[in-house]
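In the text below, chain A, chain B and the rest are named by the order of the sequence lines, each starting its count at 1. Hydrogens, waters and symmetry mates play no part in the numbers below; they use all other heavy atoms, side chains included.
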Amino acid sequence: MTTPPLAGLSRRSLLKASATTVAASAAAYTQAATVKGVPSWLPFDHNGPLHYQDQQPQFFSAEQLREVEAIVERLIPGDELSVSGKEAGCAVFIDRQLAGQYGTYERLYQHGPFIAGVEPKSDHVPRERYRLGLEELEKHCQQSYQKHFSELPDAQRDEVLQALEGGKIEFAGIESQVFFEQVLQNTMEGFFADPVYGGNRDMVSWKMLGFPGARYDYRPYIARHNQKLELIPLSIIGSSAWSRKA
Amino acid sequence: MKALILSSVALLGSVSLGAHAIGGQDSYELVSKGRYIATLGDCTACHTVPGQPLFSGGVSIDTPFGKLVGANITPDTTTGIGRWSFEDFQNTMARGHARNGKRLYPAMPYTAYTKVSREDNYALWAYLRTIEPVHHKVETNQLPFPLSVRLNMSVWNLLNFSEGEYQPKADKSAQWNRGAYLVQGLGHCGTCHTPKSLLGGDNDSAFLRGGALGGVTAPDITGTDHVGLGAWSEDDIVEYLKTGANRYDIASGPMAEAVEHSTQFWHDQDLRAVAVYLKDLGEQHERPEPLAAEQPVMSVGRAIYEDRCSGCHTPNGEGIAKLFPKLANAPLVNADDPTSLIGVVLAGSRAVSTEAAPTGPAMPAFAWNLKDDQVAAVLTYIRNTWGNAASEVTASEVGKRRDALMKQ
Amino acid sequence: MTTQAKKLPGTDVVVVGLGWAGSIVAKELADAGLRVIGFERGAWRDTASDFNIASAADELRYVQRQELMLRTRQNTCTLRNNVTQTALPMRTWGSFHPGNGTGGAGNHWAGITFRFQPDEFHLKSHLEDRYGKQALEGLSVQDWGTTWEEMEPFYDAFERVAGISGKAGNIGGTLIEGGNPFEGPRRRDYPNPPTQQTFAPTLFAEAARNLGYKPFPVPSALASQGYTNSYGVTMGPCTFCGFCTNYGCANYSKASAIVNVLPALIRMPNFTAKTHCEVLEVRKDSSGKRATGIVYVDANGQTWEQPAEIVVVAAFTFENVRLMLLSGIGEPYDPVSNTGTTGRNYAYQTANNVQLFFDEGKNFNPFIGGGAIGMGIDEFNNDNFDHSGLGFVGGGSTRVTPIGAAPIASRPVPPGTPRWGSQWKKTTAQYYSASMSIGCEASNYSSRTNYLSLDPTYKDPHGRPLLRITFDFTENDLRMAQYVTGKTAEIARALNPSLVVESPRKAPWNNTSYQSSHVVGGFVMGADPATSSVNKHLQVWDVPNLFVVGASAFPQNPGYNPTGTVGALAFKAAHAIRTLYLKRPGEMISV
């Protein structure tokens with residue numbers, strides 16, 4: 001279930017939110033039309049990120065989620081540097097992004113005419129790209145291997161993905177490359193975005209890079225040129241340093 | 001002696017102070033003086049709803065016992081004070097009796113206003129007579145029974161109220177006495193800054209030593225060190241009251257309103273007098289030992305401070321003058337009662353915007369981001385670092401405040 | 001539609017847009033006692049509510065999903081490279097990032113705040129004198145109709161309001177060691193000293209100095225210390241958080257209209273802001289020589305007419321020009337006949353880059369930084385070097401400004417690295433902290449074929465045509481890009497990296513990746529009404545009570561970021577209205 005994203009969410013329900021169930025709200029000022037004199041402060045006013053309070057898929061069916069997990073697991077394989085994209089939550093991230101405004105390009109200009117061959121078709125908002133792409137991927141794998149994509153061994157999954165990337169597999173209704181690029185982009189977003197959005201679990205990618213995350217003050221560190229700083233990474237949700245060690 | 005304690009505006013010695021005496025005479029200087037006195041007393045705070053006609057009443061005031069509403073004090077004859085005589089008005093200011101003889105509730109700070117001189121009340125009265133009458137009926141008393149029975153106030157008054165104009169102290173300077181007159185009387189500083197007894201009366205032995213009303217802690221504003229204004233100079237106090245900001249702090253919450261509507265318009269010599277008087281109050285304060293930095297709650301608090309607070313308040317708690325309050329050695333931070341600090345972290349707070357310091361920065365709300373124990377840890381760290389020392393804040397204190405704020 | 005507008009009581013001044021330019025003009029005119037109403041298409045933005053320090057550092061939201069930018073669904077533009085093509089709409093912002101809401105693009109800007117150089121204001125005359133008329137063949141660069149001496153006080157005023165941190169290179173003609181020796185003579189130093197520097201700009205400056213160049217701290221709107229500006233508003237010091245460009249600032253340290261101007265302005269009883277109100281047109285009287293006010297639509301879809309004695313249009317470049325085209329102000333530019341002025345001389349920025357990869361010994365901590373924290377040199381900018389025989393004019397500002405390195409977008413890897421899989425991951429991890437880049441933000445000189453007009457096909461939600469951009473990089477700029485990128489790469493190689501990747505800007509221009517939001521021109525200033533739209537006071541030729549303020553007035557774009565000049569022009573226009581126009585209202589200012 002989504003937290004209501006905009007107006008209508010009472011300030012009180014924000015108060016109830018704990019650090020692990022971040023709610024979203026638009027700052028109340030944004031509703032003002034005529035502003036005269038210093039706008040007064042509204043307690044708890046805060047324009048926060050959209051967040052989901054439960055773990056159920058918001059957009060994908062169980063089958064779709066399984067297949068997307070099988071893709072992100074190969075785009076970002078688990079190794080000595082980090083866990084895989086699947087374990088990092090990239091598929092959960094994509095699911096939640098598709099459920100929100102991004103999934104339908106709510107913010108984007110969607111008036112035609114759409115010129116064929118020059119830009120993607122009008123109905124190919126991200127939700128459609130996933131729906132069509134996953135359908136076509138399933139068809140392709142059944143035809144070629146009589147299996148789901150997710151049932152293929154690692155090497156074979158990599159081959160399929162490389163073929164998609166190179167446009168070597170014909171999809172109906174959507175170009176296979178468009179689908180691949182969409183998934184690749186969202187997978188990387190999920191792997192490197194703040195964990196508040198469901199991916200990058202335990203800030204795994206940030207730890208791998210040495211990126212300290214959402215810190216807001218490097219004054220004590222800016223003069224330490226060419227040194228490894230070993231900072232504990234910070235998410236919008238918080239940090240491992242925020243709870244008492246046993 | 002009275003000349004010492006009154007402002008330099010012409011006095012009224014020869015004017016008859018009888019009812020309706022102002023009628024036909026030219027009261028220009030009287031009205032000007034009265035306008036300034038209304039500013040000193042911050043009458044608009046309770047008697048003018050922002051955006052509504054001046055002094056037409058209706059401001060809701062939460063008291064520990066329930067809700068009171070500021071009266072219509074325009075000269076409207078039916079819903080305002082148009083039928084009142086000066087003596088009616090003087091009675092209200094000096095004794096808390098309304099025209100009909102009913103006793104007012106002490107949300108109207110007559111325990112302070114009783115100190116105001118009859119001459120100043122007369123000027124204020126003259127000024128109020130010039131306000132545009134507004135027909136606006138206000139039900140001032142919304143207290144639950146039995147507090148709604150105003151007779152009870154006579155008992156309260158016996159316990160809590162000592163009537164009488166301010167009497168200057170002969171061993172103090174004229175400036176000191178002017179400061180005392182303003183602070184104790186029109187400024188009604190004690191209404192927030194003096195601790196309250198169980199019945200809501202001022203605890204006079206702890207005058208201005210810090211109070212808590214409606215979930216906001218008003219700090220000790222005597223010259224006491226550690227928890228009071230010991231570190232502030234007279235200039236710091238004047239600058240704070242004049243602009244809302246100085247090198248230590250920036251006014252927010254109820255004090256922001258006091259600066260915005262009242263103290264920024266006070267004359268410089270009055271602000272200076274207030275500073276002289278406040279600095280002379282207070283005493284040595286026993287400084288408690290701070291919590292050891294190695295304690296687990298302190299290291300958790302430090303991590304949260306670095307991640308969420310230092311970006312504005314700076315890594316060493318020094319803050320930025322006129323923008324981000326200094327937390328190191330700050331009276332409010334060291335106050336025994338952390339209620340106000342908890343509220344600010346949870347709900348955020350906007351600092352005052354004044355002509356001289358228009359920025360009006362705001363502390364963002366963290367209720368959505370920090371759990372009770374995390375708010376407690378970061379406040380405990382702040383209260384015991386950089387020279388600060390004060391009691392540990394507990395998660396249950398934070399939880400209670402969170403619940404209370406939710407109900408507002 | 002607009003004929004049904006309900007008419008409101010008149011006011012002295014309406015200002016369209018409450019970004020840097022509009023907020024400054026509104027403040028200066030309100031200070032003069034005029035009743036001012038400011039119109040803003042987007043929301044009222046407030047630092048603590050909108051940019052809470054706990055959630056401001058959010059790359060997905062602010063960079064990938066473009067939270068602070070204008071929604072293309074509300075308004076966008078169409079683009080094509082030349083007149084033979086059919087323009088397509090920009091459905092998502094790529095090449096540039098228009099803002100929305102109070103503060104405008106000045107909330108998510110980088111903060112680099114240069115002044116243009118003295119020769120820029122008479123560029124055509126200067127280049128023709130030095131290199132002959134043939135050097136400008138195919139270009140339509142021109143003089144601004146003003147001078148450095150006239151601009152300098154207003155640059156100074158803007159620097160005082162925005163609290164710029166930097167090091168003067170030339171005070172009153174005396175060169176100052178450590179500053180930019182190529183800047184015009186200024187009356188005094190910046191209001192704040194330079195900020196601290198991270199490792200990469202420090203290395204760059206050392207290498208540049210060893211090669212005989214004169215590196216200087218990039219002038220920055222990220223305050224180096226607490227600062228109270230000339231409006232009494234206080235900024236905090238920059239904390240180098242690295243969530244700067246594309247983000248709003250959570251600690252009042254990046255100058256913007258919401259931090260530096262609006263707090264003082266909104267207090268004034270003679271100022272009102274109308275947010276979520278989109279201005280549809282500037283109304284003129286029957287003579288066509290007087291603006292009577294504006295027509296706008298509010299958030300409820302109701303259309304209103306707001307009459308005013310003075311109309312100031314101070315939106316982003318694109319909307320300034322589109323409003324003029326939609327309102328029939330000036331003659332639309334026609335590239336075939338080379339007539340008309342509205343839409344003429346649209347120009348951009350030629351952004352070039354050199355990437356350095358180090359296999360060992362370097363840890364740049366690239367996440368520390370800010371949009372304008374860095375060091376630069378100007379030896380290859382504009383006309384600071386002899387262009388004889390080079391085959392181009394113009395140049396760029398060469399600098400290292402680590403803006404932060406949030407990793408969805410900032411993961412530099414050598415060309416040829418796979419885009420996914422184990423090898424991708426290994427290389428990404430290896431170079432995240434071991435690479436740096438040197439940018440060269442170069443000039444873009446206007447030409448006859450680059451211009452703005454109304455699109456014949458695509459419409460906004462109000463049924464009005466979108467703005468159409470016809471633009472490509474000229475041969476002059478492509479040659480320049482090759483040259484300055486080559487010079488930049490020489491400095492890069494002096495740092496002994498394992499790999500240097502040169503990326504000079506190439507044609508055709510497209511929307512696939514971010515280049516720069518420095519879109520300028522289309523309603524340019526000048527002394528000749530045949531080739532300009534506004535005079536040197538930003539007053540529209542033949543409509544004396546209409547002023548159009550912003551980068552739309554630049555006749556071309558030098559190798560500098562535009563905001564310092566946008567701010568200076570806002571002060572210049574306001575000063576002209578206060579001291580000259582109000583003495584003879586309704587007339588063109590003739591001095």
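Under a cut-off of 6.0 angstrom, the local environment of NZ in A:Lys36 is crowded, with over 12 non-hydrogen atoms contributed by other residues, nucleotides or ligands. More than 12 heavy atoms of other residues, nucleotides or ligands lie within 6.0 Å of NZ in C:Lys459, so this atom counts as buried by the packing criterion. When the shell of 6.0 Å around CG of A:Leu152 is examined, it contains more than 12 heavy atoms from other residues, nucleotides or ligands.
Annotation: maximal heavy-atom pairing with chain A below 4.5 Å, among C:Arg71, C:Gln430, C:Glu40, occurs at C:Arg71. Among A:Pro212, A:Ser205, A:Ala223, the residue with the largest count of heavy-atom pairs under 4.5 Å with chain C is A:Pro212. Residue with the most contacts toward chain C among A:Thr187, A:Asp194, A:Asp217: A:Asp217 (heavy-atom pairs, distance under 4.5 Å). Counting heavy-atom pairs closer than 4.5 Å to chain A, the top-ranked of the candidates C:Gly42, C:Ala57, C:Ala273, C:Ala56 is C:Ala273.
Between A:Ala193 and C:Leu60, the shortest heavy-atom distance links the atoms CB-CB, 4.0 Å. Across all their heavy atoms, C:Arg61 and A:Pro49 have their closest contact at NH1-N, 3.6 Å. Contact between A:Asn186 and C:Arg65 at its shortest, heavy atoms only, is ND2-NH2, 4.2 Å. Shortest non-hydrogen contact noted between A:Tyr216 and C:Ala250 is OH-N, 2.9 Å. Scanning both residues, C:Ala48 and A:Trp41, for their nearest heavy atoms gives CB-CZ3, 3.9 Å.
Using a 4.5 Å cut-off between heavy atoms, A:Leu161 touches chain C through backbone and side chain atoms alike. Looking at C:Pro418, neither its backbone nor its side chain comes within 4.5 Å of chain A, counting heavy atoms on both sides. For chain A, no part of C:Ala409 is nearby; none of its heavy atoms comes within less than 4.5 Å. Looking at C:Ala406, the atoms closer than 4.5 Å to chain A (heavy atoms on both sides) sit in the backbone and in the side chain alike. Residue C:Gln196 touches chain A through both its backbone and its side chain, counting heavy-atom pairs closer than 4.5 Å. Contacts between C:Ser422 and chain A at a heavy-atom distance below 4.5 Å involve backbone atoms as well as side-chain atoms. For chain A, no part of C:Leu203 is nearby; none of its heavy atoms comes within less than 4.5 Å. For C:Tyr432, the part lying under 4.5 angstrom from a heavy atom of chain A is the side chain only. Of the two parts of A:Asp158, the backbone and the side chain both hold a non-hydrogen atom closer than 4.5 Å to a non-hydrogen atom of chain C. Contact of C:Thr457 with chain A is made through the side chain alone, with heavy-atom distances under 4.5 Å. Residue contact with chain A, scored on non-hydrogen atoms closer than 4.5 Å, is absent for C:Trp93. Only the side chain of C:Arg411 comes within less than 4.5 Å of a heavy atom in chain A; its backbone stays farther off. Contact annotation for C:Thr202: only side-chain heavy atoms (C-beta onward) come within less than 4.5 Å of a heavy atom of chain A. At a 4.5 Å heavy-atom cutoff, C:Ala299 makes no contact with chain A through either its backbone or its side chain.
Within the 3.5 Å criterion, the main-chain N or O of A:Glu106 finds a donor-acceptor partner in the side chain of C:Arg73. Although no hydrogens or angles enter the test, the distance criterion places a donor-acceptor pair under 3.5 Å between the side chain of A:Asn226 and the main chain of C:Gly361. A donor-acceptor contact shorter than 3.5 Å links the side chain of C:Thr275 to the backbone of A:Ala33. Put simply, the side chain of A:His225 gets close to the backbone of C:Gln197: a donor and an acceptor are under 3.5 Å apart. Side-chain N or O atoms of C:Asn365 include one that pairs as donor or acceptor with a backbone N or O of A:Gln227 at under 3.5 Å.
Between A:Ile236 atom CD1 and C:Asp58 atom CG the span is 4.0 Å, to the nearest 0.5 Å. From A:Phe180, atom CZ reaches atom CH2 of C:Trp420 across 5.5 Å, with rounding to the nearest 0.5 Å. Atom-to-atom distance recorded for A:Arg215:CZ and C:Phe367:CZ is 9.0 Å, nearest 0.5 angstrom. Here CG of A:Leu229 is found 7.0 Å from CG of C:Asn363. Values are rounded to the nearest 0.5 Å.
The residue from C:Ser433, C:Pro407, C:Ser410 that alone fulfils the side-chain contact (heavy atoms from CB on, under 4.5 Å) condition with A:Leu209 is C:Pro407. Each of C:Glu67, C:Gln66, C:Gln74 was checked for a side-chain hydrogen bond (donor to acceptor under 3.5 Å, both in side chains) with A:Arg107, and the lone residue meeting it is C:Glu67.
A cation-pi arrangement is present between C:Arg91 and A:Phe114 under the rule of less than 6.0 angstrom and at most 45 degrees off the ring axis.
The aromatic rings of A:Tyr109 and C:Tyr458 sit perpendicular, their planes meeting at an angle over 60°, well past the 30° parallel limit.
Considering only heavy atoms from C-beta on, C:Gln64 stays 4.5 Å or farther from A:Phe192 through its side chain.
Of residues 69-84 of chain A, those residues lying under 4.5 Å from chain C by any heavy-atom pair are A:Arg74, A:Leu75, A:Ile76, A:Pro77, A:Gly78, A:Asp79, A:Leu81, A:Ser82, A:Val83.
Residues A:Tyr221 and C:Phe240 place their aromatic rings such that the two centres sit no closer than 6.0 Å.
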